[in-house]
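Letters A, B, ... mirror the listed sequences (proteins, then strands); counts begin at 1. What you see below is based on every heavy atom in this structure, not just the backbone, and it leaves out hydrogens, waters and symmetry mates.
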Amino acid sequence: MSFAELGLHPLVLKALEAFEYTTATPVQAAAIPPALQGRDILATAETGTGKTAAFMLPSLTRVAELPRLGVAAPRVLVLAPTRELAKQVTDAARKYARFMKLNIVDVVGGMPYRDQLRLLSRPVDVIVATPGRLIDHVSRRRIDLDAVEVLILDEADRMLDMGFLDDVETIAKCCPPTRQTLLFTATLDRRMAGLASNLLRNPERVAVETEATSINVEQRLHHADDLDHKRKMLQHFATQPEVGKAIIFAATKRDADSLAEELADAGHAAAALHGDMDQGKRNRTLQRLRTGQIRLLVATDVAARGIDVRDITHVINFDLPRSAEDYVHRIGRTGRAGASGIAISFAGRADRETLFRIERYTNATLAVHVIPGLEPQRPFHAGGGRPAGRNNSSRHNGPKPWQRNHGDKPAGHQGPRGPRADHARSEHGPARSERPDHGRRDSHGAGKPPARAKAW
DNA sequence: AAAAAAC
């Protein structure tokens, strides 16, 4: 389906032509026509499917075609969960509005009020905001939402996860009830259905078949003995020529910082990205990744969703995410725009259940790989089914990643790592492998805690 | 419990 057939405004089409965008993605083809008719939309779509254009193009068309009602107040409002995402949406909106004279402003936290007020001092047509800062401005009567014609919720499920439900509903109540509402979410559970029924009127349902995992991302698993082992494996990958740009996910902000520093010390172009960094630095870091000044980005889950950098070759889960859903979002940072990507996860024994949930959720078995010379001493297989024994003590073994003692040397020398991974395929072996299935399941013993358990 | 997001 070409954009020209969808009924977009000529100035919008002109911008698309200038960027040589001719073909609409499935979400765009499905969402744009009803949006142009003024229908509310409930869309389930992942990032990377072109959903920003799916809501922005019809909104801009509306702004171009219909005269503003009265006062100089924003006509389109986009809410996004994170500041990075808001910035990306703002940039995209400005591209699409290139031939229109529109003032498009992002309203996010971390930006000095003075600068923001300056941006808001002239009439604004489109606002892209994170909920907190927007509410702040609205309650100070700095922003008036009375003229909003289109309200867009981007990554609505993420906003709910982050506790923005009340904020989102408050903001929606500040918009006229006659507005059009476009809701985009990756998942549709009961909570989301509740929000949708509050905010949408007779919505057109748009569903793009979301593969739980993109088929063009190869998923690999490396068993890790301990933190030190993970670090060595990370250093190994950092030096591999086939690893171009990579995002490395850590469990905590501190881990992200220390791993980035470690990589930088080893001479790699690496930097951290997490929510404790000031916004300017976050933006600059992401930009440096885009331009290639940085090759390795060590991030918390702030970067798990929505971040769109084209040429990420690898995602490395230094620590597994807490939920299987987060896993899918993380690995979706690679293999974008039709490219292929590789997702590498490090997992210790304590991660068996998480791993099991991930494999069940993605309906895939992560292929076990081994780095020659860095073989794990104690491989295992995904647990969580029904481990033998009375209580599920495996959950309580060892500290969680965020309880690590960073000052101390982690459990150090257990002698040289023997080539014990006889059943795991070597790094250069076939991509897929079956899970070894000898009865190692209860090697922890159920009743009593393992003697002097290592962290893993 | 981590992380994210308003000052």
Side-chain N or O of [X] less than 4.0 angstrom from OP1 or OP2 on [N]?
X	N	result
A:Thr300	B:dA2	no
A:Arg282	B:dA5	yes
A:Thr82	B:dA5	no

Pair A:Asp326 + A:Arg330, salt bridge at N-O below 4.0 Å: no
Sequence neighbours excluded - salt bridge (charged side-chain N to carboxylate O under 4.0 Å, His left out) pairs with any residue from residues 191-200 of chain A: A:Asp161-A:Arg191, A:Asp189-A:Arg191
All pairs passing salt bridge (charged side-chain N to carboxylate O under 4.0 Å, His left out) where residues 77-90 of chain A contributes a residue, at least two apart: A:Glu84-A:Arg282, A:Lys87-A:Asp91
What is the distance from [atom1] of [X] to [atom2] of [N], rounded to the nearest Å?
X	N	atom1	atom2	value
A:Asp157	B:dA5	CG	P	16 Å
A:Asp166	B:dA4	CG	P	21 Å
A:His137	B:dA5	NE2	P	15 Å
A:Glu155	B:dA4	CD	P	15 Å
A:Phe249	B:dA3	CZ	P	14 Å
A:Met111	B:dA6	CE	C1'	14 Å
A:Asp161	B:dA3	CG	P	16 Å
A:Leu273	B:dA3	CG	P	13 Å

Closest non-hydrogen atom pair between A:Asp301 and A:Arg158, with its separation: O-NH2, 3.6 Å
Nearest-nucleotide pick for A:Lys253, side chain only, options being B:dA4, B:dA5, B:dA2: B:dA4
Candidate nucleotides B:dA6, B:dA3, B:dA4, ranked by approach to the side chain of A:Thr252 - the nearest: B:dA3
Side-chain-base donor-acceptor pair under 3.5 Å for A:Arg83 and B:dA4: no
Axial cation check for A:Phe19 ring with A:Arg98, 6.0 Å and 45° limits: yes
Just call it for [X]: base, sugar-phosphate, or nothing, with non-hydrogen atoms closer than 4.0 Å on any strand.
X	answer
A:Pro81	sugar-phosphate
A:Arg140	nothing
A:Gly110	sugar-phosphate

